[in-house]
Amino acid sequence: MKITATCHCGAIEIQAELTSDLISAARCDCSFCRRRQAANVSAHWASLRVLEGQETIRCYSFGTHTAEHYFCSICGIYTHHRRRSDPTQVGINLYCIEGALPADYEPLAWVDGINHPTDQ
């Protein structure tokens, strides 16, 4: 399933091929994601295309610096992130996907980001 996602101000527009349906959207409870609370869906990193706004994309990384969280430098909205659990995957913010109505996918699943396998 090919999706297009944008930040709030429209400066960033990305496109990706999802690895599963929107119904697979989930939230993560790691120290960063639980503060952000944006559910996301998976795509292969190689399928991600920045259609607009490459110059406005900023990246935040912490801890092991494996996960990379991308957001708009104008409106501050998180659009996507490279996954720590699998850096060949990207999580796309469900709330940024054109035509997606997040309430349609409640209750959303939760992913255990607190007890990450690489922290053991």
Side-chain angles (χ1 to χ4, degrees):
M1 170 183 207
K2 187 179 277 191
I3 57 89
T4 300
T6 59
C7 64
H8 186 258
C9 71
I12 296 173
E13 182 178 350
I14 60 174
Q15 194 172 68
E17 186 75 29
L18 298 184
T19 57
S20 58
D21 293 335
L22 295 178
I23 195 72
S24 69
R27 292 185 179 113
C28 175
D29 66 0
C30 78
S31 64
F32 184 69
C33 292
R34 70 175 173 247
R35 288 168 173 82
R36 178 181 67 204
Q37 284 306 301
N40 61 84
V41 291
S42 296
H44 291 292
W45 182 260
S47 78
L48 179 72
R49 300 287 177 259
V50 177
L51 303 177
E52 296 288 334
Q54 181 67 51
E55 68 284 353
T56 63
I57 295 175
R58 297 296 179 270
C59 179
Y60 175 69
S61 186
F62 66 99
T64 64
H65 299 284
T66 305
E68 299 169 339
H69 304 268
Y70 296 93
F71 63 96
C72 177
S73 64
I74 298 169
C75 65
I77 296 298
Y78 146 74
T79 53
H80 62 290
H81 71 282
R82 184 179 285 229
R83 295 192 186 284
R84 180 178 178 202
S85 58
D86 182 353
T88 68
Q89 294 277 314
V90 59
I92 308 287
N93 183 348
L94 174 66
Y95 302 91
C96 292
I97 297 174
E98 289 183 10
L101 299 173
D104 290 346
Y105 306 103
E106 294 287 354
L108 292 164
W110 283 88
V111 174
D112 183 2
I114 293 173
N115 301 300
H116 198 277
T118 61
D119 290 341
Q120 308 301 320

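None of these values were measured; they are calculated from a predicted model.
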Evaluate the side-chain proximity of Asn93 to Thr79: yes if any heavy-atom separation is below 4.5 Å, no if none is.
no
Which heavy atom of Arg58 sits nearest a heavy atom of Ser73, and at what distance?
CG-CB, 3.5 Å
Taking only residues two or more places apart in sequence, or in another chain, which ones meet His80 in a ring-ring contact (aromatic ring centres under 6.0 Å, His included)?
Tyr70
For Pro87 and Arg84 the tightest heavy-atom approach is CD-O, 4.0 Å
Kindly assign one of parallel, tilted or perpendicular to the pair Tyr60 and Phe62, based on the angle between their ring planes and the thresholds 30° and 60°.
parallel
So, do His81 and Arg83 sit near enough that their side-chain heavy atoms are less than 4.5 Å apart?
yes
Using 4.0 Å as the upper bound for N to carboxylate O, is an ion pair formed by Arg27 and Glu106?
yes
Distance col, row Ile12:CD1 vs Glu55:CD, nearest 0.5 angstrom, shows 8.5 Å
Side chains of His44 and Gln89: is there a donor and an acceptor less than 3.5 Å apart?
yes
Given the rule that I, L, V, M, F, W and Y join up when any side-chain heavy atoms are under 4.5 Å apart, are Val50 and Ile74 in one cluster?
no
Could you pull out the closest heavy-atom pair between Tyr95 and Gln37, with the gap in Å?
CE1-O, 4.3 Å
Using the test side-chain contact (heavy atoms from CB on, under 4.5 Å), find all partners of Leu51 that sit at least two apart in sequence or belong to another chain.
Glu13, Gln15, Arg49
Provide the closest heavy-atom pair for Tyr78 versus Asn40 in the form atom of the first, atom of the second, distance.
OH-CB, 3.7 Å
I'd like to know whether Ile14 forms a side chain to side chain contact (heavy atoms under 4.5 Å, CB included) with Val90, so could you lay out the CA-CA distance, the side-chain angles of the two residues, the decisive distance to 0.1 Å, and finally the verdict.
CA-CA 12 Å; Ile14 60 174; Val90 59; over 6 Å; no
Side chains of residues 16-26: which donor-acceptor pairs under 3.5 Å do they make with residues two or more places apart or in other chains?
from: Glu17; atom 1: OE2; to: Met1; atom 2: N; distance (Å): 2.8
from: Thr19; atom 1: OG1; to: Ser42; atom 2: O; distance (Å): 3.3
from: Ser20; atom 1: OG; to: Ser24; atom 2: OG; distance (Å): 2.7
from: Ser24; atom 1: OG; to: Asp21; atom 2: O; distance (Å): 2.7

Could you give the distance from NE2 (His69) to OG (Ser61), rounded to the nearest 0.5 Å?
6.5 Å
Would you say Leu94 and Leu48 are hydrophobically clustered, going by side-chain heavy atoms of ILVMFWY under 4.5 Å?
yes
To check you understand the geometry: which heavy-atom pair defines the closest contact between Ile77 and His8, and what is its length?
CG1-CB, 3.6 Å
